[in-house]
Amino acid sequence: MPRKNKQYTKEVLGVAVEEVKAGASLRKTVQKYGIPHTTLADYRKNTYSHNPHPNSALTPAEEEALLSFIFWMADHGFPITRSLVKVLAIGIIRESGRSNTTRVNLEKGPSDMWWSRFKARHPALTMRTADSLDRARVHGATPEAIEGFFSNYEALYIQHDLKNKRHLIFNCDETGFGDKPRSREKVLCQTGRKHIYQQQQTTRQHITVHCCVSAAGESIPPFIIFPGCLPSTAYRLDGPPNALYGIQQKGYMDGELFLKWLHHFIRYAPEERPIILIMDQHETHVSKEVIVLCRDNKIEILCLPAHTTHVLQSLDVAVFNPLKTAFSKMASRMGLVRGDIVVGKKQFSPLLKHVYPTAVTAENVKAGFRKAGIFPLSREAVDTTQVVRILPSAEGTDATPATSSPTPSSTPTTPPAIATPSSTPTTASATPSSASTTSASASAPLTGTNISATPSATPAPCPTCKRVTPKNYLVAAGIIPESLANVLMSPALEKQDKVRRRLLLPARVITSDEYFNLVAQKEAEEKENEDKKKRKEDMAKKKEERRQAQEERRQVQQAKRQRKQAPPPAEQDGEHCAICRCPTWLCR
């Protein structure tokens, strides 16, 4: 007989056990939740209660502290691997003074069986493949910056009554094709073969595609930018319908091309106004010409905070990845038909014509706006797991940059929760319930503040090297006990001299009157500075001309003095002038 799978979950089983222990009928509870009678009876008698082995590697309190440390490191962008967990387990055993009594091999570490059981005892722990994240995005995508964007967007959302006008909310951005794209599909080969290669079907030329979509699932015809020159005279025939084309030296977007695309956008956008256009703050997108054109056509431009496009931009969230995947897949399949074909500028437009409708679909576009929290408007829809918490600074304070928001609502109304160490140090005998609460709080969604705690006592320097041990902020925050402070340590940050860094730009509406006046004022200041610089250059040029003229006059006068001071020539010295008696060659 085939084995019958369980028809209930752990959560349902827990609710049923609680009801039975509270006095509910066992038979009625079995019929209500569909749980076998014997299973529910055994759980009522605590038959499956786990009693730790007396010779286990770590105590329950130590395991909970290790689990809290794993969650804390993952939240701050330094996830722990399985091999490192075993190393930390060895350090905990040695720190607790059980090196002689433990059965764990301290050279090799705990076994794989211990790891599997450790993972089974803590179902909240799972394994994932870590995604790389640029350091600028770590410091840019902060809760304050995201709240500042939603404050500006909500003001426009309410002002223009966009709740039932999703077709007036647009998002635009460009993505690049090139740099050896490859298909993510697995290929087939014979068993035992170590390597399998796939010929490259695309050139390394960088081609940019500028896309624009609306919250209603509609798409503006794309803008394709080729490097150097256009591929051929018939490049428009095989490309996407009504697409716009441009050229740039390296195939990237610039200010002139973006202004050209903006006219293209106005042509295909709905006639109803105003329109909300959300985009990043790249220097090619923000200029006085762009602002004037948008103000004349009643287009409100809302710029995203710096380095937050992976969280707040719908195209990055749900559109560009399917588009590039479909493009690489189609290019690899074309190589199976013709082995000599290479997708370059000439073949790019026809290939994009086939893959663009399959990736930039209404379903993907709407999902991108929904996941970014743009439409429908929802701050809770943002994936907070992509917001990495910043490590405390070397002074013991939170290193999160204070991004000024244009609206007061972006500032958190509740004060930050600062954890202070108690007078009595926390020992390894802490109850598992309190430790589990700490681990849950460490993995909770981000709020507008981060934990910042400073140990009260200054650590003593090492008697050998005279160096002070770095502060362990996890002890002060109550995440780990003080007995494990020398094992479960956060990454240290050395105190550095303050350096000037580029300020992170917050979200802002660049078509507003305030920003337009700032741009005009800045343009006037730049023009004035250019005029001053030009005047200085002209003055320096005239001064150099006067200096050269004086130098020429000085040389002429010096030559005349030398001729006058020369002794009278003798008769045997050759021909001489009959007037001044100088050599003939000197008077010429």
Side-chain angles (χ1 to χ4, degrees), residues 131-134 136-154 156-157 162 166 168-177 208-220 222-223 252-253 258 261-262 265 269 275-286 290 294 299-325 356 359-388 403 504-511:
D131 298 326
S132 60
L133 186 64
D134 187 66
R137 294 188 181 274
V138 174
H139 293 271
T142 59
E144 292 80 6
I146 296 175
E147 178 61 27
F149 164 76
F150 278 106
S151 298
N152 285 272
Y153 175 65
E154 187 176 7
L156 294 175
Y157 192 87
L162 299 176
R166 60 191 309 165
L168 300 180
I169 304 174
F170 285 85
N171 174 225
C172 71
D173 193 21
E174 56 269 354
T175 183
F177 290 82
T208 300
V209 177
H210 188 89
C211 302
C212 183
V213 294
S214 71
E218 301 173 353
S219 174
I220 301 294
F223 181 26
Y252 291 93
M253 176 71 76
F258 185 77
W261 173 85
L262 202 54
F265 169 75
I275 291 177
I276 307 298
L277 181 60
I278 301 173
M279 63 182 186
D280 57 26
Q281 299 194 53
H282 195 267
E283 57 183 3
T284 59
H285 299 168
V286 182
V290 171
C294 291
I299 299 175
E300 296 278 3
I301 296 183
L302 175 59
C303 289
L304 296 168
H307 309 298
T308 59
T309 55
H310 64 293
V311 181
L312 298 176
Q313 185 158 252
S314 59
L315 286 170
D316 282 351
V317 171
V319 177
F320 282 157
N321 189 28
L323 179 60
K324 290 188 175 182
T325 301
Y356 196 84
V360 189
T361 61
E363 182 181 358
N364 290 346
V365 172
K366 291 179 181 178
F369 278 92
R370 183 178 64 256
K371 292 179 181 179
I374 297 177
F375 194 91
L377 177 59
S378 174
R379 290 173 170 83
E380 292 75 16
V382 178
D383 186 7
T384 56
T385 59
Q386 298 190 43
V387 181
V388 179
T403 306
L504 298 177
L505 298 177
R508 51 189 177 179
V509 182
I510 65 173
T511 51

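Worth saying up front: this structure is predicted, and the values here are computed from it rather than measured.
Atoms OG and CD1, from Ser214 and Ile275 in turn, are 9.5 Å apart once rounded to the nearest 0.5 Å. With rounding to the nearest 0.5 Å, the separation of CG in Leu315 from OG1 in Thr175 is 9.5 Å. For the atom pair Ile278 CD1 and Cys172 SG, the distance stands at 9.5 Å (nearest 0.5 Å). Considering CD of Gln281 and CD of Glu283, their distance stands at 12.0 Å, rounded to 0.5 Å. One finds the OG1 atom of Thr208 at 7.0 Å from the OH atom of Tyr252 (value rounded to the nearest 0.5 Å). With rounding to the nearest 0.5 angstrom, the NE2 atom of His282 is 10.0 Å from the CE atom of Met253.
Judged by distance alone, the side chain of Glu147 and the main-chain N or O of Arg379 form no donor-acceptor pair under 3.5 Å. Looking at Asn321, its side chain never comes within 3.5 Å of a backbone N or O of Val317 through a donor-acceptor pair.
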Pairs of donor and acceptor atoms involving the side chains of residues 363-374, under 3.5 Å and at least two apart or interchain, shall be tabulated with distances.
| unit_1 | atom_1 | unit_2 | atom_2 | d |
| --- | --- | --- | --- | --- |
| Asn364 | ND2 | Ala359 | O | 2.8 |
| Asn364 | ND2 | Thr361 | OG1 | 3.4 |

Which donor-acceptor pairs under 3.5 Å do side chains of residues 305-313 form with protein atoms, sequence neighbours excluded?
| unit_1 | atom_1 | unit_2 | atom_2 | d |
| --- | --- | --- | --- | --- |
| Thr308 | OG1 | Pro305 | O | 2.7 |
| Thr309 | OG1 | Arg137 | NH1 | 3.1 |
| Thr309 | OG1 | Arg137 | NH2 | 3.4 |
| Thr309 | OG1 | Asp316 | OD2 | 3.3 |
| His310 | ND1 | Arg137 | NH1 | 3.0 |
| Gln313 | OE1 | Asn171 | ND2 | 3.4 |
| Gln313 | NE2 | Asp173 | OD2 | 2.7 |
| Gln313 | NE2 | Asp316 | OD2 | 3.2 |

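Partners of Glu218 by side-chain hydrogen bond (donor to acceptor under 3.5 Å, both in side chains), not counting sequence neighbours: none found. By the side chain to side chain contact (heavy atoms under 4.5 Å, CB included) test, Val286 pairs with Cys303, Ile510, Tyr515, sequence neighbours left out. For Phe170, the ring-ring contact (aromatic ring centres under 6.0 Å, His included) partners are Phe265, not counting sequence neighbours. With sequence neighbours excluded, no residue forms a side-chain hydrogen bond (donor to acceptor under 3.5 Å, both in side chains) with Tyr157. Legend: residues meeting side chain to side chain contact (heavy atoms under 4.5 Å, CB included) with Ser219, ordered by chain and number and at least two apart, are Val213, Tyr356, Val360.
In this structure, Phe149 and Tyr153 have parallel ring planes: the angle between them is below the 30° cut-off, well short of the 60° mark.
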Inset, instruction - Output, in order, the C-alpha distance, side-chain angles, deciding distance and verdict of side chain to side chain contact (heavy atoms under 4.5 Å, CB included) for Ile301 and Met279. - result: CA-CA 7 Å; Ile301 296 183; Met279 63 182 186; 3.2 Å; yes
Inset, instruction - Begin from the C-alpha positions of Phe258 and His210 and carry the test side chain to side chain contact (heavy atoms under 4.5 Å, CB included) through to its verdict. - result: CA-CA 9 Å; Phe258 185 77; His210 188 89; 4.0 Å; yes
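The heavy-atom pair separating Asn152 from Ala507 by the smallest distance is ND2-O, 3.6 Å. Among all heavy-atom pairs drawn from Leu323 and Cys211, the shortest one is CD2-SG, 4.5 Å. Taking every heavy atom of both residues into account, Val509 and Glu300 meet most closely at CG1-OE1, 3.6 Å. In plain terms, the two heavy atoms of Cys294 and Leu262 that are nearest each other are SG-CD2, 3.5 Å.
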